[in-house]
Amino acid sequence: MKKILQIFFNGLIKENPVLIMMIGLCPFLACSTTANDAIGMGIAATFVLTCSNIIISVFRKIIPNNIRIPVFIVIIATFTTIVDYLIKAYFPSLSESLGVFIPLIVVNCIILARAEAFASKNNVLYSLIDGLGMGAGFFIAIAVLGIIRQIFGSGTIFNSKEFLQNPAVIMILPPGGFLAAGLVITLVKYIENKFNKRQKVISNLPSLCEGCVLKSKCVGNIKLKG
Amino acid sequence: MREDLKMILVLFFVCIISAISLSFLYTYTKPKIEKNLFAKELKLKSEIIPQAEEFKKINVENFYDIEECYDKEKNFVGILIKSSCKGYAGEIEYIVAITTESVPRIINLKIISHKETPGLGANVQKENFLSKFKLKSANEIFLKKDNINGKIDAISGATITSRAITNSVRELLSKDELYRYLKNKREESYISVVPLIKTQQSVLKPKTKIIEKQNITISTQTLTSEEQKEER
């Protein structure tokens with residue numbers, strides 16, 4: 001149980017795919033012009049990530065090592081197409097606004113990275129939890145960015161009326177995506193640094209660690225010889 | 001050798017399973033997707049020309065996608081034309097409904113898709129720009145700053161987009177194919193011009209009553225204006 005929670009929060013916070021590991025930035029920036037699009041993209045990517053993690057983990061012992069990448073891509077592409085058809089059939093307006101970015105989930109590197117780094121080495125339950133955790137991390141990041149960009153860029157939130165008279169149009173243009181993403185990542189890094197500082201005081205680092213580059217990352221875990 | 005065979009088989013079966021499951025899903029969702037597309041198109045059409053009940057696709061001398069619109073009493077109320085033009089950042093697709101008069105006027109104009117800059121060029125799809133096209137004929141569809149007869153205000157900060165769409169609509173309305181088609185249509189069925197827009201009804205109504213009584217006379221009247229155009 002403890003391991004499951006650890007894996008989940010690892011994806012959600014500690015190794016958040018976009019905010020900490022900086023992968024999957026393309027959909028993160030491109031699909032966050034409105035909160036609705038961002039949430040739709042977050043859910044679609046989470047679904048594909050979780051399903052492909054499960055399937056890859058089930059067949060991880062059968063898949064030969066040499067052709068693992070083509071097999072992963074076929075599995076991911078299958079789930080992406082499933083999502084594409086379902087969205088087209090049941091949420092036509094969402095499919096219109098997300099457009100080409102739903103088929104492009106195939107090349108979202110979060111999904112391939114998790115298949116390669118986690119699902120092909122761990123059992124089904126852990127892979128499921130990892131998919132959900134990483135998906136939740138991506139979902140929260142893109143939803144926050146989408147809400148920020150929609151409020152400042154179009155002066156609306158979800159489907160409400162305009163409440164800002166002169167919104168800053170740059171926020172829904174590509175440069176605004178980078179600006180908002182930079183601000184969000186700065187905030188996350190600030191919080192992370194504060195958290196690490198507090199941890200450092202508790203762990204009582206040996207005096208040799210003073211001035212080491214990896215100080216904040218290793219927190220005295222590497223045992224010193226001699 | 002055995003390893004190679006295993007590789008081939010695994011990839012083969014993964015692809016087969018994926019293809020089979022996708023084909024099942026495709027046959028299951030296809031009717032729903034088509035229904036959605038159809039409903040979307042019908043909604044667009046009914047927004048653009050609310051009187052129309054029946055639509056009939058026709059082919060006019062390799063002209064654009066044209067659809068004839070008929071109302072409940074089978075009156076010929078207008079023509080829907082889909083077209084596109086090159087805007088500032090890409091193709092702008094639009095649909096326009098025009099009257100069946102000898103000099104066609106615009107009933108309604110709507111943008112289907114565009115790639116213009118959000119906040120500036122994207123304002124072309126807003127009603128307060130598109131409504132300016134209502135009931136204008138080809139010689140009035142100019143930007144005010146381009147032509148004295150122009151009745152269209154350009155969107156501030158998006159002159160290229162507004163000019164592109166204005167010019168494209170004007171060219172569409174003054175196409176010879178369209179005039180020839182309207183002329184033929186009028187000759188073969190003596191269609192009466194039904195007033196379309198409520199605000200204009202008071203102006204148009206007495207005229208149309210005469211038209212309904214004396215079909216032939218109008219067709220000659222309109223012919224003269226068309227002949228003038230053709231000569232030109």
Side-chain angles (χ1 to χ4, degrees), chain A residues 33-34 51-52 55-56 58-97 99-100 106 149-150 152-156 162 164 166-177, chain B residues 1-44 88-91 93 111-123 125-128 155-158:
Chain A
T33 45
T34 67
C51 294
S52 62
I55 297 293
I56 287 165
V58 167
F59 295 111
R60 70 186 187 280
K61 278 169 189 158
I62 309 170
I63 299 170
N65 206 31
N66 289 342
I67 54 156
R68 64 186 195 286
I69 302 283
V71 173
F72 294 166
I73 290 287
V74 170
I75 292 169
I76 294 166
T78 309
F79 281 110
T80 309
T81 317
I82 289 173
V83 167
D84 192 24
Y85 285 159
L86 289 179
I87 287 183
K88 263 186 197 152
Y90 296 102
F91 307 98
S93 62
L94 188 66
S95 110
E96 210 171 281
S97 59
V100 75
V106 163
R149 286 180 74 184
Q150 196 181 3
F152 293 107
S154 358
T156 56
E162 283 188 32
L164 280 181
N166 289 311
V169 181
I170 193 173
M171 291 306 279
I172 51 175
L173 297 177
Chain B
M1 187 61 207
R2 251 188 119 187
E3 274 292 300
D4 292 352
L5 200 69
K6 197 192 166 195
M7 264 158 61
I8 294 166
L9 281 179
V10 168
L11 196 54
F12 178 74
F13 278 109
V14 167
C15 290
I16 286 283
I17 291 166
S18 145
I20 290 171
S21 55
L22 281 183
S23 64
F24 271 113
L25 189 76
Y26 180 71
T27 46
Y28 176 71
T29 52
K30 200 186 167 202
K32 284 202 179 73
I33 293 172
E34 273 173 2
K35 213 174 109 191
N36 283 339
L37 281 178
F38 186 72
K40 197 185 131 203
E41 211 175 310
L42 202 72
K43 201 186 151 216
L44 185 77
Y88 179 72
E91 202 92 334
E93 258 188 278
I111 308 289
I112 304 172
S113 70
H114 69 90
K115 295 190 183 86
E116 303 304 294
T117 325
L120 296 170
N123 287 340
Q125 57 182 345
K126 286 197 174 160
E127 198 51 40
N128 54 10
I155 304 163
S156 55

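Throughout, protein chains are lettered first and strands after them, A, B, ... in sequence-line order, and every chain is numbered starting at 1. Just so you know, these numbers come straight off a predicted model, no measurement behind them.
- In terms of heavy-atom proximity, B:Ile33 sits nearest to A:Tyr85 at CD1-O, 4.1 Å.
- A donor-acceptor pair is defined here as one N or O able to donate and one able to accept, closer than 3.5 Å; such a pair exists between the side chain of B:Thr27 and the backbone of B:Ser23.
- Within 6.0 Å of CD in B:Glu3 there are 12 or fewer heavy atoms belonging to other residues, nucleotides or ligands.
- Heavy-atom pairs under 4.5 Å with chain A were tallied for B:Lys6, B:Lys30, B:Lys32; the largest tally goes to B:Lys32.
- In this structure, A:Gly153 and A:Pro167 approach most closely via the heavy-atom pair O-CB, 3.2 Å.
- Using modelled atom types, one side-chain atom of B:Glu116 and one backbone atom of B:Tyr88 make a donor-acceptor pair closer than 3.5 Å.
- Interface remark: A:Ile82 contributes backbone and side-chain atoms alike to the contact with chain B (heavy atom separation under 4.5 Å).
- When heavy atoms are compared at a cutoff of 4.5 Å, B:Ser113 does not approach chain A at all.
- The minimum heavy-atom distance linking A:Ala77 with A:Val106 is given by the pair CA-CG2, 3.7 Å.
- The closest side-chain heavy-atom distance from A:Phe59 to B:Val14 is not below 4.5 Å.
- Between B:Asn128 atom CG and B:Asn123 atom CG the span is 7.5 Å, to the nearest 0.5 Å.
- A distance-only check finds a donor-acceptor pair linking the side chain of A:Arg149 to the backbone of A:Leu173 [under 3.5 Å].
- With a 4.5 Å cut-off on side-chain heavy atoms, B:Val10 and A:Pro64 count as touching.
- Interface remark: B:Tyr26 contributes backbone and side-chain atoms alike to the contact with chain A (heavy atom separation under 4.5 Å).
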Worked check of side chain to side chain contact (heavy atoms under 4.5 Å, CB included) between B:Ser21 and A:Thr78: CA-CA 8 Å; B:Ser21 55; A:Thr78 309; 4.1 Å; yes

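- Below 4.5 Å, heavy atoms of chain A meet heavy atoms from B:Asn36, B:Lys40, all part of residues 35-42 of chain B.
- Residues of residues 65-73 of chain A placed with any heavy atom under 4.5 Å of a heavy atom in chain B are listed by number as A:Asn66, A:Ile67, A:Pro70, A:Val71.
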